A.B. asks: 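Dropping a structure here in structure tokens format, bear with me for questions.
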There are 2 protein chains.
Amino acid sequence: MGKRVTIQDLAKELNTTASTISRALHDHPGISKTMTKRVKELALKRNYRVNSVASSLRAGKSKTIGVIVPMINRDFFANVISGIEEIAFQNGFNVIICQSDNKVEKEIQHINTLISSGVAGVLVSLGFETSDYKPFDKISQLGIPLIFFDRAPSHEKSIKIVNNDKAGAYKAVQHLIDMGYKRIAHLAGPDNLSLYKDRKEGYIEALKDHGLPIEEKLIVSHNLKREAGYEAMKKLMKYKNPPDAIFSASDYSALGALLYLKEERIKVPEEVGIVGFSNEGFTKLTGPEITSVDQHGKEIGKYSAKVFFEEMASDVFIPRTIILDPKLIIRGSSLRNKKTID
Amino acid sequence: MGKRVTIQDLAKELNTTASTISRALHDHPGISKTMTKRVKELALKRNYRVNSVASSLRAGKSKTIGVIVPMINRDFFANVISGIEEIAFQNGFNVIICQSDNKVEKEIQHINTLISSGVAGVLVSLGFETSDYKPFDKISQLGIPLIFFDRAPSHEKSIKIVNNDKAGAYKAVQHLIDMGYKRIAHLAGPDNLSLYKDRKEGYIEALKDHGLPIEEKLIVSHNLKREAGYEAMKKLMKYKNPPDAIFSASDYSALGALLYLKEERIKVPEEVGIVGFSNEGFTKLTGPEITSVDQHGKEIGKYSAKVFFEEMASDVFIPRTIILDPKLIIRGSSLRNKKTID
DNA sequence: AATAACTCAACAAACGTTTGCATATATTAT
DNA sequence: ATAATATATGCAAACGTTTGTTGAGTTATT
């Protein structure tokens, strides 16, 4: 069980001091080429690794980025994380990932541990119960860059990387209209998160633009889960005048809706069309495959990380929002021959 | 942009020293109740957070666990990580997650950064190209507990938490035999990872125990991906005497096989039965749903973390293997009425 | 009353790195 | 030859926490 090699050890072996070793390893111009070479060779030979705890302490911050997401076992978040990691590692940073499980108290706990561990920045996607953003202020107050992605606060005082959810929703609904669906219902998420609000607005706007009426009872708020989608679908189909298409703010509830319809032997897409949101991996594995709005998670992750590095370099804080345009992936659940009545 | 509060700040405010503050916060018996109370109140008021970088440096190790996995966008790994986090956070630890993307060089890079960041322990699931375990020795040599889970080295000198893959495979194949399938093919993973070797052995043993012949050409090695499963299935079905069932070491390739069969209008499970491995989320979303072997990832994660804490507490290293029994989840892809010939 | 025992808090060092400043040697200019 | 400059290295402090040791003050013991 060997003790870890430090620059002191290297210094002793070369009859010099820690400062010289440190400078040599960092290619400081004040150190001679020969010395630099000797040091680097010895460091390699002795398998020296910088103690980044010590260097973080000295520097006042670490080369670590904290990421808080609701959960990692969602394709979208897993992809975002991959994107973040890619950029982070390129810059010699590593990443601490925290799952909030959509719970406010866990978010707060994670904020505290991240601050304690001296992260250089924090990237957050909010849980959908979070409406109080104060706990996050602690981070900014300490001068730690704070960047929201995907699920961001509704106010304008932060840095956000988000999808243009409204445009995505609009595309989805427009597509359903193009396919000839007339009574399009919406499974909506909680309004306190702007992205769900935006999806709903996109839905409404698309209907309006095409002269279709907005019916309150066709908009069902739910918790985005499969079960909720199933129940919502059941409820909707019990109406005297049921919808002929569903645009869901979540793939999971879209799947729930699909499962209900299959149980009831209602044909998809012939009788009812379905479009989901997020392009989860499973959407191309169902029968029929589910049309969905892709949010290119990896890109969002990369952007978020890049913005963090920008933010770290600059010393003025400029709130801003970067909006990425999502893409509609059309699949079987909404692809029917257009039935025109007129 | 407020400066961070330190114990020095608190000490100054209470006309005492940092050591007293530190001890008070840790309920050291040598500090009076009154003093302890005063300190804690002030700490709360000033929103003091321990600087864990400093405390890690002082302690010689941090309260962080490093986790290296091939990728996080797999249900199994996502669940393992959830399990690890749960136990870690209970113990006041946090978790750094690194994705190796199944690349050896990334594993090595991650090992180095984890050592640099002074993690207290490392939990690893190997990439499937890793056959040289030496890079991991560095970790143990520094006295850092190293625990493998799921994809572990084949040798006996490490601590591992693994599934009883052989038993899982045996159950899967036995089930296929029970269902009346006679020519069962196996989509095998690389032999250098014990878990794939074990799955193959379970397959072979089950066949033997039931008096079925082992045919080399029914065992196809592949890279576990969907595309490979598709191609393997295509190849197998071209034989003059094709298999009537597939036991795949991966759900993804099982899905690939299923997709090929559907394309060819070969009925599952009537003509060909399919069983996968891992119980990925999508297996219950396909048509028909795919029978699979569940590895209860969350449990593995929890075990791994617990073993790490045990290991940290003890000072003798005892190589050991903890084996969890996987469970067969029977679904539509293998559930047919038994056809007996005899 | 003198000493022992105890309680509480301060002192100081250490963890490993980085960096401003000082110093010593070598080089060049005058 | 001497002063000015350049080059290369050493010294020491700092980051914030923890902890062994010391010391002052108080209470108990004889």
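In this text, all values refer to a predicted model and were calculated from it rather than measured experimentally. A note on names: the letters A, B, ... follow the listed sequences, proteins ahead of strands, and every chain is numbered from 1.
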A.B. asks: Given C:dG16, is OP1 or OP2 found less than 4.0 Å from the side-chain N or O atoms of A:Y48?
C.D. replies: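 So the side chain of A:Y48 is outside the cut-off, no N or O lying under 4.0 Å from OP1 or OP2 of C:dG16.
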A.B. asks: Begin with the C-alpha distance, continue with both residues' side-chain angles, and end with the deciding distance and a verdict on side-chain contact (heavy atoms from CB on, under 4.5 Å) for A:N163 and A:H296.
C.D. replies: CA-CA 9 Å; A:N163 274 293; A:H296 33 258; 3.9 Å; yes
A.B. asks: So, do B:R38 and B:L14 sit near enough that their side-chain heavy atoms are less than 4.5 Å apart?
C.D. replies: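 Side chain of B:R38 against side chain of B:L14, heavy atoms only: contact under 4.5 Å found.
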A.B. asks: One pair to check against side-chain contact (heavy atoms from CB on, under 4.5 Å): A:F136 and A:E107. What are the steps and the verdict?
C.D. replies: CA-CA 9 Å; A:F136 292 95; A:E107 278 180 349; 4.0 Å; yes
A.B. asks: So which protein nitrogen or oxygen atoms get under 3.5 Å of nucleotides 4-10 of chain C's nitrogens or oxygens?
C.D. replies:
from: C:dA9; atom 1: OP1; to: B:S32; atom 2: OG; distance (Å): 3.3
from: C:dA9; atom 1: OP2; to: B:S32; atom 2: N; distance (Å): 3.0
from: C:dA9; atom 1: OP2; to: B:S32; atom 2: OG; distance (Å): 3.2
from: C:dA10; atom 1: OP1; to: B:T16; atom 2: OG1; distance (Å): 3.4
from: C:dA10; atom 1: OP2; to: B:T16; atom 2: OG1; distance (Å): 2.2
from: C:dA10; atom 1: OP2; to: B:T17; atom 2: N; distance (Å): 3.3
from: C:dA10; atom 1: OP2; to: B:T17; atom 2: OG1; distance (Å): 3.4
from: C:dA10; atom 1: OP2; to: B:T20; atom 2: OG1; distance (Å): 2.8
from: C:dA10; atom 1: N6; to: B:R23; atom 2: NH2; distance (Å): 2.7

A.B. asks: Without decimals, in angstroms, what is the distance between B:I115 CD1 and C:dG16 P?
C.D. replies: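 Interatomic distance, CD1 of B:I115 to P of C:dG16: 15 Å.
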A.B. asks: Over how many whole Å does the gap from B:K12 atom NZ to D:dG16 atom C1' extend?
C.D. replies: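 So the two atoms are 13 Å apart, to the nearest Å.
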A.B. asks: Do the side-chain N and O atoms of A:R151 and A:N102 include a donor-acceptor pair separated by under 3.5 angstrom?
C.D. replies: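 Yes - a donor-acceptor pair under 3.5 Å links their side chains.
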A.B. asks: Should A:H28 be listed as having a side-chain N or O under 4.0 Å from OP1 or OP2 of C:dT19?
C.D. replies: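 For C:dT19, OP1/OP2 do not have a side-chain N/O of A:H28 under 4.0 Å.
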A.B. asks: Can you name the salt bridge (charged side-chain N to carboxylate O under 4.0 Å, His left out) partners of B:K37, sequence neighbours left out?
C.D. replies: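 By the salt bridge (charged side-chain N to carboxylate O under 4.0 Å, His left out) rule, B:K37 matches B:E41.
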A.B. asks: Determine, using ring centers only, whether B:F149 and B:Y303 are less than 6.0 Å apart.
C.D. replies: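 For B:Y303 and B:F149, the ring centres are not under 6.0 Å apart.
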A.B. asks: Rounded to whole Å, how long is the line connecting atom CD1 of A:I21 with atom P of C:dT19?
C.D. replies: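 From A:I21 CD1 to C:dT19 P: 16 Å.
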A.B. asks: Can you confirm whether B:E299 sits close enough to B:N79 that some side-chain heavy atom of one is under 4.5 Å from a side-chain heavy atom of the other?
C.D. replies: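 No - every pair of side-chain heavy atoms lies 4.5 Å or more apart.
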A.B. asks: Given atom CG of A:L57 and atom C1' of C:dT18, what is their separation to the nearest angstrom?
C.D. replies: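 Whole-Å distance recorded here is 11 Å.
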A.B. asks: Once you round it to whole Å, what is the distance between P of C:dT17 and CG of A:D9?
C.D. replies: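 So the two atoms are 8 Å apart, to the nearest Å.
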A.B. asks: So for the helix from C:dA1-D:dT30 to C:dT30-D:dA1, with five pairs setting each end axis, what is the inter-axis angle to 10°?
C.D. replies: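 Terminal axis comparison yields 60°.
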A.B. asks: Both B:R58 and B:A18 contact DNA chain C. Taking the nearest nucleotide for each, which residue is further toward the 5' end?
C.D. replies: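 Looking at DNA chain C, the more 5' nearest nucleotide goes with B:A18.
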A.B. asks: Let me know the distance between NZ of B:K63 and C1' of C:dC15, rounded to the nearest Å.
C.D. replies: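 Taking atom C1' of C:dC15 as the reference, NZ of B:K63 is at 17 Å.
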A.B. asks: If you count heavy atoms of other groups shown closer than 6.0 angstrom to NZ of B:K138, is the number above 12?
C.D. replies: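 Yes, because the 6.0 Å sphere around NZ of B:K138 holds more than 12 heavy atoms from other groups.
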A.B. asks: B:R4 has an atom CZ; how far is it from atom C1' of D:dC15, in whole Å?
C.D. replies: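 Rounded to the whole Å, the gap is 11 Å.
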A.B. asks: Across the strands shown, which category fits B:S55 at heavy-atom distances under 4.0 angstrom: base, sugar-phosphate, nothing?
C.D. replies: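 Touches sugar-phosphate only.
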A.B. asks: Write down the distance between CG (A:N51) and C1' (C:dT17), rounded to a whole number of angstrom.
C.D. replies: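 Rounding to the nearest Å, CG of A:N51 and C1' of C:dT17 are 8 Å apart.
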A.B. asks: Would you say that B:L126 contacts B:F148 through its side chain, given a criterion of any heavy-atom pair below 4.5 Å between the two side chains?
C.D. replies: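 In short, these two side chains touch, coming nearer than 4.5 Å.
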